[in-house]
Amino acid sequence: MVGDGRRPAGTPLRAAQDEAGVPPGVWKGGGLAAVGLKAGDVVTERQAELLLGEGRHPDADRIERELLAQGKSPAQARRATVLGRPIEHNRSPETDKAKERTPWLAFDLTFRPPPTAHIAWALGDDDTRVVLELCDDIARDKTLAWVEESVAEIRWKAGGKRRARVKDGLIVAVFRHYESRATESRPLLHSHAIVSIRARRPHDGKWGNLSADSLMANIVAADTLYTLYFMEEVSARLGWAWEPREVTPGRRPVMEIAGIDHRLIGWQSTRRQQIEDALPVLTAKYEEEQGHAPGERAAYALACQAADQTRPPKRTELLSLTELRKRWRDSAIRAYGADVVDRLEERARAAAAVVWARVRPVVDIVLAAVDVVAVVYVMRGAFKRHHLLAEARRHLAYALRGRPHEPGLDDQIVQTVVDDYTRPVGRGRMMTADLRALYPSDTEDQAVLRPLTRKRTAPPYERARLAAGALAARVRAARRADRLGSRPRPYAVAVPAASRSHPRPFLTGGQDGRRQEPETGVDTVEQTRQTLEAAAAQVAATLQDSRRAREAAHGPRPQPAPATPPPHTQQPGNHHTPGQSPGGVT
């Protein structure tokens, strides 16, 4: 509640927050009305102590006084203020040991923009700072609304067997912080959303606990949604664009503001460098003890251990945000010069013009679905819907680079994947890629495509990108061949079927936003592309010869009027005039 500052004993909360240079927390969420709070109200110390520390009504003191005045006993008055099950039950000596545990009363969801956004927020002018804080607020609130409406579940009965959506919504206390825990203070704009575990059941309105596994399973999907919303708000309000940055070779890239000097990321991310310096020592010790290199999970655990070992203590010097921004600016100028810092926003606008001229704001549903299923299948093998949803949002962020997306487009991509390119496997709603749909039996390139997913010498994400690129090349080549002739040919490449539940026309442009930056250096993908283009050229030559022979014998064939597609195949907002780019979503 006071950031990384220290709060001396007896200091009021608001005074400690002012001294630490952090704003007071505010309440958010649709469940506030059930406890007499309003969105935007300041979080007081007593409210947080009661609700987040004891699981009681935030105005429990007043309620207890009124009940005692009515003649209720102290135990009855206290029990009336408890939301759901009292936490004292867990510490009661009369219960069995399995229930003697520390109660879990809240989740700490941390929302943090990409590194270049921290840099622009810290080194830009005051107007830019205010706009970026507003973008963070909007993206965070939209993500919390999605969690509230689509993810949060309340559980009851033994073992949480009964589950349902919450009745009103969530109760969230949001605290904004400005800096990292590095030895030398560095900018780190982020917010802690403390979600109370208490919520009301939909059928009887009684208080219970949120399902922890439902919320934690969708953390990555919520993270990618927040990033997508933040990118769109920044692009709409500041006119900046985004580009991918590869942090670790062979791993997922992260989206950064185009035009901002990447050297400033190293200046800002001093904590990351501290962790990377400590990690080799822990890795060498692990290899010595275990006799092999750490796997993915072990490497993550070692990184967490390195972060704990290098975590510095909280700073004792209290500085306001204005003082912090001045200190950050002076430090960046000393490191990289005034020209890099002063022209930061100007270069971001110039780079955005280049990105917008190169990237079309178009999303192809079929190509997006093929990309998503290929990446998730190679990375995970078996997966659930929330894995597809997170990857679909990454795809939209990459393809649109900050342009707004149609509401529900991520769910539409996921539904296409589920309908056309997956099959159930195991239990618990698990699924995997349907290889028969991705690799039709009548295609000759099946033997070329399958090894892309089994190239064990390459990192998983690199193999996933190879497989997705090869499948996208097949779809584009098949579309080119389909435009050259409507009659099927024995040498034509079969296209993955359109959605069985919602038929969709193919995008004639054949672009999904990733075409601008194709994967390079892969002989297999290039061989596949050349084979498919040769087949398309052969189709064109055959059709041309056939048409010439027919016209010589019978004269030219009259051209029929273009047919109007069925109403259910037209997407809203996609109507366009001939000769112009359709844009929008297909």
Side-chain angles (χ1 to χ4, degrees), residues 1 13 24-70 72 74-90 103-109 111 137-138 140-157 160-176 191-216 218 222:
M1 297 180 75
L13 176 62
V26 294
W27 291 108
K28 299 281 185 179
L32 294 175
V35 291
L37 297 174
K38 293 186 298 183
D41 287 350
V42 173
V43 180
T44 66
E45 182 176 10
R46 184 57 177 164
Q47 289 173 343
E49 181 182 0
L50 289 170
L51 179 61
L52 304 176
E54 301 178 7
R56 300 169 64 196
H57 195 286
D59 199 11
D61 295 338
R62 178 189 59 81
I63 297 175
E64 281 194 51
R65 287 195 302 267
E66 294 178 354
L67 293 177
L68 290 174
Q70 296 173 10
K72 300 292 185 180
Q76 290 175 329
R78 178 179 176 82
R79 182 64 185 88
T81 65
V82 175
L83 306 180
R85 189 176 188 176
I87 63 173
E88 289 84 354
H89 177 79
N90 294 322
W104 191 0
L105 291 177
F107 305 90
D108 179 9
L109 307 182
F111 294 83
D137 286 338
I138 295 175
R140 182 197 62 232
D141 292 348
K142 286 184 176 181
T143 305
L144 287 174
W146 174 77
V147 172
E148 189 174 64
E149 297 170 2
S150 304
V151 175
E153 293 180 332
I154 189 170
R155 57 182 179 84
W156 67 96
K157 295 293 184 182
K161 296 178 180 179
R162 297 288 302 276
R163 301 191 182 195
R165 297 296 182 200
V166 295
K167 178 178 177 60
D168 309 299
L170 302 178
I171 303 175
V172 188
V174 177
F175 301 92
R176 168 166 283 163
S191 300
H192 293 270
I194 313 301
V195 182
S196 171
I197 202 172
R198 304 300 195 191
R200 294 209 296 171
R201 301 173 187 170
H203 60 288
D204 56 11
K206 292 183 178 180
W207 290 91
N209 290 344
L210 293 175
S211 170
D213 52 356
S214 299
L215 185 59
M216 301 306 292
N218 287 272

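Just so you know, residue 1 is the first one in the sequence shown, and it goes up from there. Owing to the predicted nature of the structure, the values given are computational and were not obtained by experimental measurement.
- For the atom pair CZ (Arg56) and CD (Glu49), the distance works out to 9.0 Å, reported to the nearest 0.5 Å.
- The shortest distance between side-chain heavy atoms of Asp141 and Lys28 falls below 4.5 Å.
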N/O donor-acceptor pairs under 3.5 Å from side chains in residues 33-44, not counting sequence neighbours:
unit_1: Asp41; atom_1: OD2; unit_2: Lys38; atom_2: N; d: 3.0
unit_1: Thr44; atom_1: OG1; unit_2: Gln47; atom_2: N; d: 3.2
unit_1: Thr44; atom_1: OG1; unit_2: Gln47; atom_2: OE1; d: 3.3

ask   = Does the side-chain contact (heavy atoms from CB on, under 4.5 Å) test come out yes or no for Gln70 and Leu68, once each step is laid out?
value = CA-CA 5 Å; Gln70 296 173 10; Leu68 290 174; over 6 Å; no
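- Pairing each heavy atom of Glu153 with each of Ser214, the nearest pair is OE1-OG, 2.8 Å.
- Side-chain atoms of Arg165 come within 3.5 Å of backbone atoms of Ser150 as a donor-acceptor pair (strictly under, hydrogens ignored).
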task = For the pair Ser196 and Leu105, evaluate side-chain contact (heavy atoms from CB on, under 4.5 Å) and give the outcome as yes or no after the intermediate values.
result = CA-CA 6 Å; Ser196 171; Leu105 291 177; over 6 Å; no
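- Residues passing the side chain to side chain donor-acceptor pair (under 3.5 Å) test with Asp213, sequence neighbours excluded: Arg163, Ser211.
- Within the 4.5 Å cutoff, the side chain of His192 has heavy atoms near those of the Ile194 side chain.
- For the pair Gln76 and Leu67, the minimum side-chain heavy-atom distance is 4.5 Å or more.
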Side-chain donor-acceptor pairs of residues 166-176 under 3.5 Å, sequence neighbours excluded:
unit_1: Asp168; atom_1: OD1; unit_2: Arg200; atom_2: NH2; d: 3.2
unit_1: Asp168; atom_1: OD2; unit_2: Arg200; atom_2: NE; d: 2.7
unit_1: Asp168; atom_1: OD2; unit_2: Arg200; atom_2: NH2; d: 2.9
unit_1: Arg176; atom_1: NH2; unit_2: Glu133; atom_2: O; d: 3.2
unit_1: Arg176; atom_1: NH2; unit_2: Asp136; atom_2: OD2; d: 2.7
unit_1: Arg176; atom_1: NH2; unit_2: Asp137; atom_2: OD1; d: 2.6

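- Proximity of Ile154 to Arg162: side-chain heavy atoms (C-beta onward) are nowhere separated by under 4.5 Å.
- In this structure, the side chains of Thr81 and Leu50 stay at 4.5 Å or more apart for every pair of heavy atoms.
- Scanning both residues, Arg201 and Asp204, for their nearest heavy atoms gives CB-OD1, 3.2 Å.
- Counting heavy atoms from C-beta outward, Trp27 and Leu51 have side chains that approach closer than 4.5 Å.
- A donor-acceptor contact closer than 3.5 angstrom links the side chains of Arg198 and Asn209.
- Listed for the Trp104 side chain is a donor-acceptor partner under 3.5 Å among the backbone atoms of Ala106.
- To the nearest 0.5 Å, atoms CG (Leu144) and CD (Glu149) are separated by 11.0 Å.
- Distance check, rounded to the nearest 0.5 Å: OG1 of Thr143 to CZ of Arg140 gives 9.5 Å.
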task = For Glu54 and Arg78, run side-chain contact (heavy atoms from CB on, under 4.5 Å): C-alpha distance rounded to whole Å, both residues' side-chain angles, the deciding distance at 0.1 Å, then the answer.
result = CA-CA 11 Å; Glu54 301 178 7; Arg78 178 179 176 82; 4.0 Å; yes
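- Counted within 6.0 Å of NZ on Lys142, heavy atoms from surrounding residues, nucleotides or ligands total more than 12; the atom is thus considered enclosed.
- Closest non-hydrogen pair, Ala193 versus Phe111, comes out as CB-CE1, 3.7 Å.
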task = Using the ring-ring contact (aromatic ring centres under 6.0 Å, His included) rule, take His203 and Trp156 through it: C-alpha gap first, then chi angles, then the decisive distance, then the call.
result = CA-CA 12 Å; His203 60 288; Trp156 67 96; 4.8 Å; yes
